[in-house]
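Below is one structure; the comments refer to it alone.
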Amino acid sequence: MGKYILKRMLLMVPTLFGAAVLIFFLLRLVPGDVCEVRLAGAGLYADPEAIAICRENLGLNKPLMAQFFDFVWGYFIFDLGVSMWTGASVVHEIEIRFQLSLQVAIMATFVATVISIPLGIISAVNQNTWLDYCVRGFAIAGIAIPSFWLGLIIILGLLIITQAITGSPWMPPIDYKPIWEDPVYNLSQLIWPAVATGYRYSAVAVRMTRSAMLEVLREDYVRTARAKGMIEKVVINRHALKNALLPVVTILALEFAFLMGGLVVTEQVFNLNGLGKLFVDAVGNQDFNLTQNLVMLVVLIFVLTNLVTDVAYAWLDPRIRYS
Amino acid sequence: MSKYARFALALAVGAGLSLASTGPADAETPKRGGVLNFVVGSKIPSYDGHIEGTFGMIHPIRPFYSSLIRINPQNPQSSTDFHCDLCVGEVPKGEEGGTLFKFKIRDDVKFHDGTPLTAADIKATLDKIVFPPKGVPSARKAFFKAVESIEAPSPTDLVIKLKFATGSFIPALAMPFNFVYSKKDLDEHGYSWHRTNINGSGAFKFKEHVKGSHVSGVRYEDYHFKGQPYLDGFKAISAPKLAVRVQAIRGDRAAIEFRGFPPKQRDDLVKALGDDITVQESDWNCVLMATPNQERANFQDPRVRQALTLAIDRWGGSQHLSRIAIVKTVGGVVFPNHPLAATKAELVALNGYGTDLKASRAKAKELLAAAGKSGMEFEFNNRGVDQPYKVVGTWLIGQWRQVGLKVKQRVQPSPPFYATLRKKKDFDVSIDFNCQSIINPIADISKFLGSAGNNYGNYLDQELEDLYNTLLQTGDEKKQREIIRVFEKRALSDQAHAAITLWWYKINPHRSYVKGWKIAPSHYLNQHLDQVWIDK
C-alpha cells in the first residue's frame, strides 16, 4: 500500500506541471490586465504613466517565459507571490477564505450524505412503490434545480416568512464569524448554503445509492443471508449497503473536492467570502498570480481526493488490493 | 386597500421622506451612538487614495481620512459649494489674478497615531499627488497641471502658486481621493506604505479589514470637528452581487448602499418596507456615450458620425429607459445642473438633441445616403456590466436600426473590454464613459480631446485642442460658458466625435433610521460619514 501511495504521489508531479502550463498560458490569452481594470475600471480619468508604473511593479512587462519561470520557481521556494489586486500574499488571501470554504464543504457533504444514503436505500428497498416514486421525484428535482436558484429562493422565503410572522424581515448574516467565535452567528449564516448545495449533491448520490443498492440486493450472498433467516435490517445495513457504497463514496468525495473550489455562484448568492468568490474576483480582475495559484490549489485538492478515495476502496472492499 | 394602492402609498411615503431630508430633517438633533452597517459592491485594491479610482476603496476608507477642502456635506448637490476640512474659515479665493491660494491650516488636528497635523503634512501629501517622484504612481496628477509650487512657510500656512488661473483648481483640490497623509509616515515608510496601512485624521479610526469581507472603523475621539462623528463606528461589508445588497437592506443586515440601485430595486424595497425605507435621488456625474473609432474608414466621415447621434431619441429615452436603467437626464458635455451646462434651448440646437425625432432620423438617413453608407453594418463594443452598460447598449442598437443601420453587439468582460478600447483598438463603435467625482467641467470635458489619455476615438481635432487651451486660461465664468458651448457644438454636433446618451441617475434607498447623509451627484462624494447618525 505504501509503495502504491508513493507511486501515486509521484504521478501527481506531471499532472500539476501540466495544469500549471495550461493555466499560465490560457490566462494570458485573454486581453487586458489588472492595471487597466484597477486604474481605468471605474471610468475615471486614468493616468497612462500610473498604468505603466503599475505594470512595471507587477512584472507584467517581463518576457512571458520569465514570468512562467517565476511562477513555477515560487513552488520550489514556497513563495506563491502576492495578489496583483490587493498586494497581500497569495497564501494570506487563500488562508482567510479556506476555513469558510472547508466548513461549507463539510456541512454540505454532511447534508448530502444524511439525505442521500437513507433515501437511496428506502427507494431501492421499496422499488416501484409510491415511496420510490417520491424519492425519485425529490432526486430529479434536486438535479434540475440549480443550487444558486434554490439559494435565492431560500433567502427570499426567509425574508417573506419572517416579515409575515415577526413584522420585520430577517435574512442570514452576510459577513463571516468563525464557529468558535460565535457559533450561532456562524451557523445561521452557513446552514443555508450548506442546505442549498447539499440538496443538489444529495440528489445525484440518492440515484447512485439506489441503483447500487438495487444491484447488490440481487446478489447471491444477499439471498443467502435472507435464506439464513437474518433480519432484514442486518441484511440491508451490513451486507448490502457496505458493498453498494463504493460508487457513492466516489461521488461524494469528488463533490467535496468540487465544493472546495467550485461554489462560485452559491457563494455570491449568500455573500460568502470563500474560495469560489475569490476565484471570481481574481478572474474578473485579471489577477494572474492569484488565479494561477487558486487553480493549482483546486487541482491539488482533486488529485489528493482521488488518492484518498482509491485508498478508501480497499477499506470498504477487502477484495481490492493495491500491488 | 389593494396591493397597488399600498405600493403607491409606500412610494409616496418614501419620496416624501426623501424630500423631507433636505428640509425639516435638518432641524433634528443628531443622536450619538450606533454602528452603521453598509454594503459595498466593489472591492478594495489598496488603501491609497492617490492611486486608486474605485468607490470600492472610497466608501470604506474615506472615513479614516481628512482632506484640505471638501464639498459641503450639508449641500452636496452644489457643484461650487466647497468647505474647509483641514483649513480655517472659507476656502480662499485666488489672489494675484487667481494664481495664488493661501490656506490657513487648523492647529487642532491630530493623526490617529497622535502626531499633530501641520501644513507640512499637507504639502508632503500634495507633493506626492502633484509632483510624484519617478516611479511613484499618482492617478490624478493631470488635474493639477496648473500648479507651479506648494509651500508651507509655517505649520499653519500653506501657499499654492499656479502657473495660470484656472477654474478647475479648487474642484480638483476637493476631490475625495486627496487623503492627507502624515509627512512622518511618508518620510519614514516611503510612498507605498499607505497602500497597506492607514493613519489618517478622519472621523473614524481603522479597526480591521478582513479581505473580501469587511472593513470596520471606530469613532475617533479627537476628531477636529468637535462633537462629531455621531456614530460609534461603521462596518463596510463587501457584497458584489446587487441582489445581496438589496436583500441586505431589506433584511436589515445593512442600512444603506452608497453607490445606487436601479429603479426596480428601489420599488421593490419601498414595496416591502414602506416607511422604514427612505429614498434619495439625484443626477449623477457619469455619462455613457457611443464613440466611433475614427481609425476605421466607415467613421472618418463626419456625416456618418452625425447620423449616429441623430438617430438617438434622447428625450424619449429619458422618459422610458429611466424606468429600467440608472440613466435619466439629457445633457451635453457638462454635468446637467452645473452653471456651465447647456440649457435645453442650447441642447436642442445640437444634432441629435432636437425634439422632432422624425426630422432628426430623416436627416440621419440623408447623411448616410450622401456618405454612401446607407444600411451600413458595424459592430458595437460593449462592457459586460448590466447597469447601465448592457441596457443602454441594447437601446442604442434599437435606435440605430431606425435609420437602417445594422448593428451587432459584442459584449466583453471588463479586462478585454478595456484592452479593446485602449490597446487593441479593434472596434467600430464602442460604449464609452465619463465618470468623475467632483463636478469639475473644465477638467471633465478634456475627455473629448483626441489627445486625452482617456479618449478612445482615435482622432486629433486641433480646433478642439485650441479651444480647450483657451478655456483653461480663462478665469471669467461667462467667457468659459461661451467657449464650452462652441466646444460642445464641435465635439458633439459638427464633428460628432461622440454621441452622448443620457446622464446617469443615482437612486439611494436606505433604512429610514439613517440620518444626516445627503445624496451627492457622485458616489464618490460625501463619504466621510462624520455627519451621519442613527435614529433607532
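Convention: sequence-line order gives letters A, B, ...; per-chain numbering from 1.
- Here the straight-line distance linking atom CZ of A:R97 with atom NZ of B:K211 works out to 8.5 Å at 0.5 Å rounding.
- Across A:A50, A:A52, A:P169, A:G274, the residue that shares the most heavy-atom pairs under 4.5 angstrom with chain B is A:P169.
- Heavy atoms of B:I237 lying under 4.5 Å from chain A belong exclusively to its side chain.
- Contacts of B:V39 with chain A are made by side-chain atoms alone, with heavy-atom separations under 4.5 Å and no backbone atom involved.
- With a 4.5 angstrom heavy-atom cutoff, A:V269 touches chain B only via backbone atoms.
- The pair A:R38-A:D287 does not count as a salt bridge, with every side-chain nitrogen at least 4.0 angstrom from each carboxylate oxygen.
- Contacts of B:D426 classified as side chain to side chain donor-acceptor pair (under 3.5 Å), with partners at least two apart in sequence or in another chain: none.
- Within 6.0 Å of CZ in A:F110 there are 12 or fewer heavy atoms belonging to other residues, nucleotides or ligands.
- Heavy-atom distances place no part of B:K447 under 4.5 Å from chain A, backbone and side chain included.
- Contact check on B:K128 versus B:D48 returns a salt bridge, with a Lys/Arg side-chain nitrogen under 4.0 Å from an Asp/Glu carboxylate oxygen.
- Of the atoms belonging to A:I155, it is side-chain heavy atoms, and not backbone ones, that fall under 4.5 Å from chain B.
- Proximity of A:F68 to A:V21: side-chain heavy atoms (C-beta onward) are separated by under 4.5 Å at one or more points.
- Residue A:E49 touches chain B through its side chain alone, counting heavy-atom pairs closer than 4.5 Å.
- Chain A forms more heavy-atom pairs under 4.5 Å with one residue of B:A254, B:A243, B:P240 than with any other, namely B:P240.
- Per-residue counts of heavy-atom pairs under 4.5 Å with chain A were compared for B:K241, B:R250, B:R253; the largest is that of B:R253.
- Of the two parts of B:K424, only the side chain, counted from C-beta on, holds a non-hydrogen atom closer than 4.5 Å to a non-hydrogen atom of chain A.
- Interatomic distance, A:L297 CG to A:S101 OG, rounded to the nearest 0.5 Å: 9.5 Å.
- Only the side chain of A:I51 comes within contact range of chain B, with heavy atoms under 4.5 Å apart.
- Residues satisfying the side chain to side chain donor-acceptor pair (under 3.5 Å) criterion with A:T86, sequence neighbours excluded, are A:S83, A:E93.
- When B:Q247, B:K423, B:K235 are compared by the number of non-hydrogen pairs under 4.5 Å with chain A, B:Q247 comes out ahead.
- With a 4.5 angstrom heavy-atom cutoff, B:I51 touches chain A via backbone and side-chain atoms both.
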ring-ring contact (aromatic ring centres under 6.0 Å, His included) between B:F38 and B:F258: does it pass, once the steps are laid out?
CA-CA 8 Å; B:F38 59 91; B:F258 291 114; 4.9 Å; yes
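- Heavy-atom pairs under 4.5 Å with chain B peak, among A:Y176, A:W170, A:F270, at A:W170.
- Both the backbone and the side chain of A:D281 come within less than 4.5 Å of a heavy atom of chain B.
- Between the OG atom in B:S46 and the CD atom in B:E52 there is a gap of 3.5 Å [rounded to 0.5 Å].
- Taking non-hydrogen atoms and a 4.5 Å limit, the residue list of residues 24-32 of chain A in contact with chain B, ordered by number, reads A:V30, A:P31, A:G32.
- Taken from CG in B:N197 to NE2 in B:H189, the straight-line distance is 7.5 Å, to the nearest 0.5 Å.
- The choice from B:R422, B:H214, B:K134, B:R195 that makes the most heavy-atom pairs within less than 4.5 Å of chain A is B:R422.
- Every residue meeting the side chain to side chain donor-acceptor pair (under 3.5 Å) condition with B:S168, not counting sequence neighbours, appears here in chain and number order: B:T166.
- Between chain A and the residues B:G212, B:P132, B:A419, B:A248, the largest count of heavy-atom pairs under 4.5 Å involves B:G212.
- Between chain A and the residues B:S138, B:P413, B:S414, the most heavy-atom pairs under 4.5 angstrom are made by B:S138.
- Residue A:W85 holds its CH2 atom at 13.5 Å from CZ of A:F288, rounded to the nearest 0.5 Å.
- Salt bridge present: A:R55 and A:E36 bring a charged side-chain N and a carboxylate O closer than 4.0 Å.
- Using the six-membered ring where Trp is involved, B:W503 and B:F335 have ring planes that are perpendicular, over 60° apart on the 30 and 60° scheme.
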